[in-house]
Colleague: 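Handing you a structure now.
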Protein chains: 2
Amino acid sequence: MKRFQTLTPPISPLVHILCPKLSDNTYPYREQTNLRITGEHPVRLGHMTTTDSLEDAIEVLQQLGLKEYEARCFVGLSRLHTGTAKQLSEMTEVPRTRVYDAIRVLEAQGLVEIQHSSPQRFRAVPLDEATETLRDQYEGRVERLHNALDSVEIIDGDEEKSVQQVWAMSGRTAIENRTDQLIEKASEEIVLVLGDESLLTEELVARLNDAVADVDLLIGALTESLQDQIQTAVPDATTFISGLEWLHGENASEDETAIGRLLLTDRSTILVSSIMPGSKEEQAIFGEGFGNGLVVIARRLMAQGLLTARDPKQ
Amino acid sequence: MKRFQTLTPPISPLVHILCPKLSDNTYPYREQTNLRITGEHPVRLGHMTTTDSLEDAIEVLQQLGLKEYEARCFVGLSRLHTGTAKQLSEMTEVPRTRVYDAIRVLEAQGLVEIQHSSPQRFRAVPLDEATETLRDQYEGRVERLHNALDSVEIIDGDEEKSVQQVWAMSGRTAIENRTDQLIEKASEEIVLVLGDESLLTEELVARLNDAVADVDLLIGALTESLQDQIQTAVPDATTFISGLEWLHGENASEDETAIGRLLLTDRSTILVSSIMPGSKEEQAIFGEGFGNGLVVIARRLMAQGLLTARDPKQ
DNA sequence: CCTCTTGTCACTAATATACTCACAAAACGG
DNA sequence: CCGTTTTGTGAGTATATTAGTGACAAGAGG
């Protein structure tokens with residue numbers, strides 16, 4: 001297989017060529033609910049029916065670590081002021097004899113209350129309280145993870161500062177976070193091209209406005225409407241229509257990979273992302289170091305005027 | 001079995017008598033890691049070794065939804081700048097051929113980056129970025145849960161406003177949240193007794209100071225030192241030494257259930273919690289309504305001077 | 001050219017979870 | 001009071017997930 005670092009400047013979608021493996025949509029991901037999480041929220045056409053909402057809630061609860069029975073029971077209880085094992089079993093399809101176990105786990109998690117009468121009656125904790133409890137729980141876990149890991153790190157000295165490293169990441173959230181980090185670290189110049197308005201989050205806008213005080217900020221868009229949006233949100237930036245339309249290209253069929261974002265900071269680190277046609281999953285490649293192959297390509301693109309104001313407004 | 005609502009005022013630990021089922025420590029909880037979560041953080045004596053930290057991190061990651069291999073791989077990578085499948089397999093005990101799958105899942109979750117060279121090299125996303133990604137992920141899930149459920153609710157009209165309902169809950173976080181809610185809702189009077197200083201969280205102090213503007217606030221403690229602490233933290237409250245010492249009682253052996261908190265708001269809702277001797281798990285019973293049996297008992301305790309200033313300072 | 005490494009597949013073993021049934025104790029309704 | 005139904009528990013089986021193994025083709029590197 002050809003190493004991507006040695007490629008000459010591309011004439012068709014960058015990510016594909018630079019890192020073909022990213023394109024095959026057949027990653028053996030854990031076939032679990034988790035996958036949807038990193039992507040965007042499931043597309044909703046029109047209004048959700050109640051049934052949909054409930055199914056949805058059950059799914060999310062499982063993602064949050066509950067078992068199927070537990071999730072069903074909680075959702076069942078959410079529709080009742082109070083319920084018995086029998087009622088619950090009937091409405092949730094959970095075998096009655098298993099309701100008790102499920103409820104006990106839920107109680108231990110702080111999600112339901114039990115009335116120890118006979119028959120026992122159960123009720124869900126008020127929704128706000130429940131979500132707050134879940135939040136607290138996860139916040140606690142993340143914190144413990146942080147504590148456990150930040151004390152350790154770095155076992156080896158094998159820090160190949162090699163200049164040819166190109167890394168792949170995926171997941172919208174992760175790529176957003178990396179984008180944020182890079183913008184924050186930039187000291188000279190930021191060149192950003194956005195391929196879709198959904199990428200222009202509040203968080204990102206805030207960071208850009210923070211950054212604009214210290215660095216040159218060039219932001220490109222693929223469409224004029226997006227350019228306007230950006231210019232409004234980040235008034236002090238220089239915006240332009242990207243010369244990268246070819247990323248959608250002549251053969252821009254519907255299930256063609258779309259450009260996500262391109263970020264070049266201080267002419268030494270670059271991040272290019274694309275959005276998978278089917279899953280809408282965002283995938284990115286990332287390189288750092290002035291001499292890095294990817295970065296060199298990006299600089300070359302700039303030199304050719306593809307990453308600067310070709311048709312500057314104002 | 002006697003119904004607890006019909007009991008006469010107790011002369012030994014309230015929670016036990018009122019709700020004996022709470023006492024048996026043999027709940028068939030899911031024998032999973034989750035249990036520790038609702039309780040307090042594992043007790044740390046002295047300093048953690050690095051190995052401990054790592055084991056810990058692996059455990060927490062699994063609680064956060066990763067599988068064992070995934071967790072081990074991530075922790076392994078956290079100790080390296082960069083690693084290959086072989087290296088990882090050696091240091092983490094994960095079979096080499098399974099490292100690839102694990103890493104791909106991690107990558108999809110935004111926790112590691114992959115360098116598509118040969119051999120492939122992996123590296124963990126910087127810790128702050130990783131935790132932020134996890135946070136975002138869970139925040140998203142909780143939000144989706146909220147959306148899915150708050151539109152629905154209430155299927156039946158069977159709202160027995162019965163006055164004799166007493167509910168059991170457990171889990172420190174859940175009980176804290178309920179305490180907060182009750183304090184916030186109180187409009188006249190709050191009587192609070194704390195059995196342990198660990199229960200006097202910042203959050204609680206803030207809420208109490210908020211509340212003190214609108215309602216009478218009486219706070220009791222089991223020890224003088226705790227009373228002082230409270231008086232300092234919430235200057236406008238009236239504090240007292242609780243007449244409930246008997247809750248620790250003459251037969252206060254070491255593995256005796258300890259009083260957690262007692263909260264009576266507007267003389268119409270009450271929450272009493274205890275702390276399990278072994279697991280330190282907090283369990284509570286909760287009743288509402290002026291005529292509620294539990295609440296009546298609590299009012300009687302007050303009338304006897306057990307829940308008011310017996311030996312008021314100042 | 002040969003050898004060791006690397007990545008993928010297809011498989012078995014172990015475990016966790018979903019699902020059933022038998023039964024004793026408690027509630028209920030004459 | 002007695003027979004009947006409901007309720008809670010325990011002990012199972014079946015099924016899906018996850019942990020763990022081995023065979024093998026392709027690539028890297030002398």
Side-chain angles (χ1 to χ4, degrees), chain A residues 1-4 6 20-22 24 26-35 58-59 61-63 65-74 76 82-90 92-107 114-122 168, chain B residues 1-4 20-22 24 26-35 58-59 61-74 76 82-90 92-107 114-122 168:
Chain A
M1 188 200 312
K2 256 190 189 168
R3 295 280 199 102
F4 37 74
T6 63
K21 287 230 174 155
L22 284 179
D24 63 6
T26 59
Y27 263 12
Y29 297 126
R30 203 156 70 224
E31 152 62 38
Q32 211 205 340
T33 45
N34 272 339
L35 238 261
I58 291 171
E59 208 182 303
L61 281 167
Q62 286 184 263
Q63 292 171 0
L66 297 190
K67 301 310 168 198
E68 187 183 324
Y69 286 170
E70 293 153 21
R72 305 190 87 87
C73 282
F74 181 79
T82 198
T84 65
K86 196 182 178 198
Q87 285 177 283
L88 264 184
S89 155
E90 279 160 3
T92 62
E93 318 255 61
V94 175
R96 185 184 61 82
T97 59
R98 303 279 96 224
V99 169
Y100 299 98
D101 311 59
I103 291 286
R104 274 196 276 266
V105 175
L106 288 170
E107 198 254 13
I114 301 182
Q115 190 181 12
H116 287 283
S117 49
S118 178
Q120 297 182 341
R121 309 196 131 262
F122 315 118
Chain B
M1 187 201 311
K2 255 191 189 168
R3 295 279 198 102
F4 37 75
K21 288 229 174 154
L22 283 180
D24 62 8
T26 59
Y27 263 12
Y29 298 126
R30 203 155 72 223
E31 153 62 37
Q32 210 204 341
T33 45
N34 272 338
L35 237 262
I58 292 172
E59 208 182 302
L61 281 167
Q62 286 184 264
Q63 291 170 2
L64 287 166
L66 297 190
K67 300 310 167 197
E68 187 183 323
Y69 286 170
E70 293 153 21
R72 304 190 88 87
C73 282
F74 181 80
T82 197
T84 65
K86 196 182 179 199
Q87 285 177 284
L88 265 184
S89 155
E90 278 159 4
T92 62
E93 318 255 62
V94 174
R96 185 185 60 83
T97 58
R98 309 269 90 230
V99 168
Y100 300 98
D101 311 58
I103 291 286
R104 272 197 277 266
V105 174
L106 288 170
E107 197 253 15
I114 301 181
Q115 190 180 11
H116 288 284
S117 49
S118 178
Q120 298 182 341
R121 307 197 133 262
F122 316 119

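Here is the naming used below: chain letters follow the sequence lines, and residue numbers restart at 1 for every chain.
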Colleague: Rounded to whole angstroms, how far apart are NZ on B:Lys67 and C1' on C:dT15?
Modeller: 12 Å
Colleague: What's the CD-C1' distance between B:Glu90 and C:dT6, to the nearest Å?
Modeller: 13 Å
Colleague: Are the side chains of B:Val94 and B:Ser89 in contact, using a 4.5 Å heavy-atom criterion?
Modeller: no
Colleague: For A:Ala71 and A:Ile58, work out which heavy atoms get closest and say how close.
Modeller: CB-O, 3.7 Å
Colleague: Taking 4.0 Å as the cut-off, does a side-chain nitrogen or oxygen of A:Tyr69 come that near to OP1 or OP2 on C:dC19?
Modeller: yes
Colleague: Starting at CG of A:Asp101 and ending at P of D:dG12, how long is that distance when rounded to a whole Å?
Modeller: 16 Å
Colleague: Without decimals, in angstroms, what is the distance between A:His116 NE2 and C:dA26 C1'?
Modeller: 17 Å
Colleague: Using only modelled atom types and a 3.5 angstrom limit, is any donor from either the side chain of B:Thr97 or the base of D:dG22 paired with an acceptor on the other?
Modeller: yes
Colleague: Hey, what do you get for SG (A:Cys73) to CD (A:Glu68), rounding to the nearest 0.5 Å?
Modeller: 10.5 Å
Colleague: Output the single nucleotide from C:dT6, D:dG20, D:dG8 whose closest atom is nearest the side chain of A:Gln120.
Modeller: D:dG8
Colleague: Take atom OH of B:Tyr100 and atom P of C:dT6, then tell me their distance rounded to the nearest Å.
Modeller: 7 Å
Colleague: Within this structure, what is the CZ-to-P distance between B:Arg96 and D:dA19, rounded to whole angstrom?
Modeller: 18 Å
Colleague: A:Ile58 CD1 to C:dA18 C1': how many Å, rounded?
Modeller: 15 Å
Colleague: Under 4.0 Å between a side-chain N/O of B:Lys86 and OP1 or OP2 of C:dT5, yes or no?
Modeller: yes
Colleague: From C:dG7, C:dT20, D:dG20, pick the nucleotide closest to the side chain of B:Glu68?
Modeller: D:dG20
Colleague: Heavy-atom nearest nucleotide on DNA chain C for A:Glu93 versus A:Pro119: which residue maps closer to 5'?
Modeller: A:Glu93
Colleague: So, OP1 or OP2 of C:dC9: does either fall under 4.0 Å of a side-chain N or O from B:Arg98?
Modeller: no
Colleague: I'd like to know if the side chain of A:Thr92 and the backbone of A:Leu88 have a donor-acceptor N/O pair within less than 3.5 Å.
Modeller: yes
Colleague: Once you round it to whole Å, what is the distance between P of D:dA16 and CD of A:Gln62?
Modeller: 15 Å
Colleague: Consider the side chain of B:Ser118, meaning its heavy atoms from C-beta on, and name the nucleotide among C:dT6, D:dA11, D:dT7 that approaches it most closely.
Modeller: C:dT6
Colleague: Indicate, with a heavy-atom threshold strictly under 4.0 Å, whether A:Pro95 touches base, sugar-phosphate, or nothing.
Modeller: base
Colleague: Would B:Arg104 and B:Asp101 pass as an ion pair if we require N to O under 4.0 Å?
Modeller: no
